[in-house]
2 protein chains.
Amino acid sequence: MGPARSLEHPTPEQMSLDSILSALADPVRRTIVAQLAGGHDDQACIAFALPVSKSTSTHHFRVLREAGIISQQYRGTSILNGLRTEELNLRFPGLLDAVLAAN
Amino acid sequence: MGPARSLEHPTPEQMSLDSILSALADPVRRTIVAQLAGGHDDQACIAFALPVSKSTSTHHFRVLREAGIISQQYRGTSILNGLRTEELNLRFPGLLDAVLAAN
DNA sequence: TTGCTTGTACGAGATTCATCATACTACGAT
DNA sequence: ATCGTAGTATGATGAATCTCGTACAAGCAA
């Protein structure tokens, strides 16, 4: 077998407030973030009951990952999603908590 | 003379996280917010050296006001702009500070 | 191999939004 | 009254984005 599939994640330095706030401005994406914050850090995309189609789901997960808010890792046919809590708190202290509390 | 011109402001209950985050996601609008946070609370729109045209400025100030982030009050031919710090902290605790610190 | 599950790629459509220029209003000063 | 300043209204344009369906790829199970 070849190298495992992998997905690009920005480093904390590469995260921009612009991307973070734009990403969090969408209610569907905040639903994902809230569910990740409330549960374990290894939920597949399918575990989120989102009110959109499968391809739209893919889109939202990618926006969150590219902003640096979530991590994504292949695991079989699924993807394990996690909140990048520590890195976010490092880069933008208090921001994630404030948004989660307000949601 | 008739009644003074007035502008609509949402109450804290009417503020939505959606509008707040969308408003703060724009860099021009964050420039305005940052300048208000750093200075006095009575700066006219003209006092902001924004890299956009006059009509675009009007647009951004309105978005901020309708989201509940700034207050606007007519004063002669000008408008006095202020940050609604207390009300924002009441409705979305920590959010404004986190964004200002990250900016 | 065959089929099933999970997610992606690739358009396409509709909406939103940031931007501008022009014309306009409201107010104050001269 | 006239003029200048501050901001608004309106309409246009181009870019971004949220959405979908369909077709596809990758992995696992039987």
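In what follows, chains carry the letters A, B, and so on, assigned in the order in which the sequence lines appear, proteins first and then strands, with residues in each chain numbered from 1.
A donor-acceptor contact under 3.5 angstrom links the side chains of Q72(A) and N81(A), judged on distance only. Judged purely by distance below 3.5 Å, without hydrogens or angles, the side chains of S19(A) and S22(A) never pair a donor atom with an acceptor atom. Using modelled atom types, one finds a donor on one side chain and an acceptor on the other under 3.5 Å when comparing S53(B) with T56(B).
Using a 4.0 Å heavy-atom criterion, one finds that S78(A) contacts the sugar-phosphate atoms exclusively. Among the protein residues, R75(B) comes within range of no part of the nucleic acid, since none of its heavy atoms lies under 4.0 Å from any strand.
Rounding to whole angstrom units, NZ of residue K54(A) and P of dT8(C) are separated by 10 Å. To the nearest angstrom, P of dA6(D) lies 14 Å from CG of N81(B). Between the CD atom of Q73(B) and the C1' atom of dA6(D) there is a distance of 16 Å, rounded to whole Å. In this structure, the OH atom of Y74(A) is 15 Å from the P atom of dT6(C), given to the nearest Å. Atom CZ of R30(B) is separated from atom C1' of dA18(C) by 15 Å (rounded to the nearest Å). For the pair E66(A) CD and dT8(C) P, the computed distance is 11 Å after rounding to whole Å. L21(A) has its CG atom 14 Å from the P atom of dT17(D), to the nearest Å. Distance CG (L80(A)) to P (dT6(C)): 13 Å, rounded to an integer number of Å.
For dG7(D), neither phosphate oxygen OP1 nor OP2 lies less than 4.0 angstrom from any side-chain nitrogen or oxygen of R5(B). In terms of phosphate contacts, H60(A) brings no side-chain nitrogen or oxygen within less than 4.0 Å of OP1 or OP2 of dT17(D). Residue T56(B) places at least one side-chain N or O closer than 4.0 Å to OP1 or OP2 of dC20(C).
Nearest nucleotide to the I79(B) side chain, out of dG7(D), dT19(C), dA9(D): dG7(D). Taking only side-chain atoms of D26(A), from C-beta outward, the nucleotide of dA6(D), dC18(D), dT6(C) with the closest atom is dC18(D). Proximity note for T77(B) (side chain, C-beta onward) versus dT5(D), dC18(D), dA9(D): the nearest is dT5(D).
Residue R65(B) is the one, among H59(A) and R65(B), whose nearest nucleotide of DNA chain D lies closer to the 5' end (criterion: closest heavy atom).
With sequence neighbours excluded, the residues satisfying side-chain contact (heavy atoms from CB on, under 4.5 Å) with Q14(A) are P10(A), T11(A).
Residue L21(A) is grouped with residue V28(B) when hydrophobic side chains (ILVMFWY) are merged at heavy-atom distances under 4.5 angstrom, including chains of intermediate members.
Taking every heavy atom of residues 42-53 of chain A and every atom of DNA chain D, pairs under 4.0 Å involve V52(A), S53(A), by number.
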Full working for side-chain contact (heavy atoms from CB on, under 4.5 Å) between R65(B) and S71(B): CA-CA 6 Å; R65(B) 172 175 49 81; S71(B) 61; over 6 Å; no

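Remark: of the listed residues L95(B), N89(B), L96(B), L90(B), L95(B) is the sole one forming a side chain to side chain contact (heavy atoms under 4.5 Å, CB included) with F92(B).
Between the base of dG7(C) and the side chain of T58(A) there is no donor-acceptor pair shorter than 3.5 Å.
For the pair D18(A) and R30(B), the salt-bridge criterion is met [side-chain N within less than 4.0 Å of a carboxylate O].
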